[in-house]
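Position 1 is the first residue of the sequence, and the numbers go up from there.
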Amino acid sequence: SGSMAGGRIAAARDAAQVFLRSLPVGVEFEVYSFGSRFSALFGGAGRVMDEAALDAATAHVDAMQADYGGTEIVAMLERIAEQHRGRNGGAAASPSEDVILLTDGDVWNADDVFRTVARAVTTRRLRFFTLGIGNDCSTALVSGIARLGRGVAEFAAPGEHLDEKVIRQVRRAFAPAIADARIAWSKNGGPPIAPTRAVPSTLPLITLGDRFVAFAHFTGELPDSATLTGTLPTAAGPRAYSATFPVTPAPDAATALPQLYGRELLRELTHGGTASVAELTAAALEFKVLSKHTAFLAVERRPTPDRAGMQTVVVPQQVPYAPPARQQMKMNSVRCAMPGAGMMMKKASVQMKCVAAPAMPGGGAKGRLMNFAMEAAPLGGMFGRGGGGSGGNAKEAASPATPARQRSARSAPAPPPAPALDDVEDEAIAAPALASPAARDAAGPSTTSLLSALLRLQRASGRWDPTPELRQLLGLPPTHQSAGFSPREATALALAALETRFAARAAAWELVARKARRWLEREGGGAVDEALEEGRRVLAEAAAR
């Protein structure tokens, strides 16, 4: 949608490229884009992952823009459910599909979204893993879809690596999950103790390696153990799963368990869509949690003050302050205009924000309100020949202690008048100062961009081809075994680079590396560890040059 414009859509494109290369060969996939409308890369029919499908998906993702308007999800979810049914002949027991949904916004019809997801899960064996992007996404929407969709919700805050969150969801989708899960509560190995209410009432698929939290409300005897049972898929077919966990009583004082239970109960009642306002309100009041039908009211109780012992209280007040004229500034070249005055600022770390405002009284140029956030900038030395309200130049007031350098500065020619604000691009005014092109070139590309470029070169089979682009990324000389630079060596070098140069970002490339290792074992002649050791040696020699 439009709110994804800028850095978010760029991060989403990079994450989608890593996602595509993390899929094993032979897995069927589809790429949907949604906003006020939706579209599917392969028309909703999906494609089996191979070289041609990867090339098509790569080009499609590269062309993605934040140009789909608002955020509408229901129609797309209904189409996904129908396409899944068509691919599997309408069978209710068809193979399951996993939907990984990325969104940064909210919807006006969340209840319709939840009902659509619940139907898809019940009748189409779909699972929904969600990822909320940024601070503006609806946590209720993202968490609700995952809860009803038997999946897991993730959130990516500004500054976090979106690709790592996406790959975490992919890993969950492929991990074994306990189906038909149930929890039996008991004490001293005796018969099960039935809780008054359990939340969630129906347990979702529980993915191995993930945390899962379940609540149970008891009014009588408390259990001392909980036994989780279900079925776990294996290569030989489903097998029974059972694990028993101790239940340790929490101290009565200052425990938050009732509030945590009440919050989860409210979520289940809300997402179920069958609870009345009275039931939701009663649950919120019982467990003292916020809801859309309840709120907290703070009441402060104070004793009446003793008027006989009143004292004078000195309240500091802010007064105008003119910094000493001798104070110097450090500024980078920025040019802007203010009403009735020409102003040139040099060598300052300046960030400006301009907002439209009515013309100032007596201003020569069209007036706009300008907000400045900068380091200490003495008013006297900043403007040179200051501008009065009428647009003329005001005379400077000479100070008896003016240093010689400042006196010579006053006698220098005045800077050229700044252009009117209407003649200056808003983006040029609002943008902070950037490093020079030479400085950026010296710093080189970021680690994230280098990693993205390296991962993009991987093929669907898991190999890297010995291309000039790969040589350049790895820092190899152009003459590096130009005749014998094979896909096996290229793949080993790329894997070695991931493990040595991008170890801190392993969460993003671990599935890509796993696929590359399998390619080396299957088609690269085996001896993966030896190939990686040779790759590390070659990279170390290249870095030493």
With rounding to the nearest 0.5 Å, note down the distance linking [atom1] in [X] to [atom2] in [Y].
X	Y	atom1	atom2	answer
Ile206	Phe212	CD1	CZ	4.5 Å
Asp112	Thr116	CG	OG1	6.5 Å
Thr71	Asp106	OG1	CG	8.0 Å
His217	Thr196	NE2	OG1	5.5 Å
Leu498	Leu493	CG	CG	11.0 Å
Asp104	Asp136	CG	CG	7.5 Å

Mark yes or no for whether [X], through its side chain, and [Y], through its backbone, hold a donor-acceptor pair below 3.5 Å.
X	Y	result
Lys515	Ser461	no
Glu541	Val538	no
Glu264	Pro200	no
Thr130	Val142	yes
Gln458	Thr491	no
Thr467	Leu470	yes
Trp509	Arg505	yes

Decide, yes or no, whether a salt bridge links [X] with [Y] under the criterion of side-chain N to carboxylate O below 4.0 Å.
X	Y	value
Arg147	Glu268	no
Asp224	Lys187	no
Arg79	Glu82	no
Glu534	Arg537	yes
Asp465	Arg463	yes
Glu97	Arg127	no
Asp163	Arg13	no
Glu30	Arg47	no

### Message
Does Gln169 form a side-chain contact (heavy atoms from CB on, under 4.5 Å) with Leu102? I'd like the steps, not just the answer.
### Response
CA-CA 11 Å; Gln169 295 289 47; Leu102 280 68; over 6 Å; no
So do [Y] and [X] actually touch side chain to side chain, heavy atoms under 4.5 Å?
X	Y	answer
Leu131	Ile100	no
Leu77	Phe128	yes
Phe215	Pro195	no
Asn135	Pro158	yes
Thr103	Ile133	no
Glu499	Arg536	yes
Ser22	Glu510	no
Ile73	Asn109	no

Write down the atom of [X], the atom of [Y], and the distance for their closest heavy-atom approach.
X	Y	value
Arg517	Val528	NH1-CG1, 3.6 Å
Thr229	Ser242	CG2-OG, 3.9 Å
Ala181	Leu228	CB-CD1, 4.0 Å
Leu141	Phe114	O-CE2, 4.0 Å
Arg263	Val289	N-CG1, 4.2 Å
Leu205	Ala177	CB-CB, 4.1 Å

### Message
Test side-chain contact (heavy atoms from CB on, under 4.5 Å) on Ser33 and Met76; report intermediate values, then the result.
### Response
CA-CA 9 Å; Ser33 303; Met76 180 191 67; over 6 Å; no
Side chains of [X] and [Y]: is there a donor and an acceptor less than 3.5 Å apart?
X	Y	answer
Gln17	Arg21	yes
Thr244	Ser225	no
Glu72	Trp108	yes

### Task
Classify the angle between the aromatic ring planes of Trp185 and Phe218 as parallel (below 30°), tilted (30 to 60°) or perpendicular (above 60°).
perpendicular
### Task
Give the ring-plane orientation class for Tyr261 versus Phe287, where under 30° counts as parallel, over 60° as perpendicular and anything between as tilted.
perpendicular
### Task
Measure from the ring center of Phe19 to the ring center of Phe29 and say whether it is less than 6.0 Å.
no
### Query
Between Tyr68 and Phe34, does the ring centre distance come in under 6.0 Å?
no
### Query
Taking it one step at a time, do Asp14 and Leu162 satisfy side-chain contact (heavy atoms from CB on, under 4.5 Å)?
CA-CA 8 Å; Asp14 288 343; Leu162 187 60; over 6 Å; no
### Summary
Residues at least two apart in sequence or cross-chain that pass salt bridge (Lys or Arg N to Asp or Glu O under 4.0 Å) with Arg168, listed by chain then number, are Glu154
### Message
Check this for me: Gln472, atom CD, are more than 12 non-hydrogen atoms of other residues, nucleotides or ligands nearer than 6.0 Å?
### Response
no
### Message
Let's go through Asp62 and Arg456 carefully: what are the C-alpha distance in whole Å and the side-chain angles of both, what is the deciding distance for side-chain contact (heavy atoms from CB on, under 4.5 Å) to 0.1 Å, and is it a yes or a no?
### Response
CA-CA 11 Å; Asp62 282 342; Arg456 282 177 61 93; 2.9 Å; yes
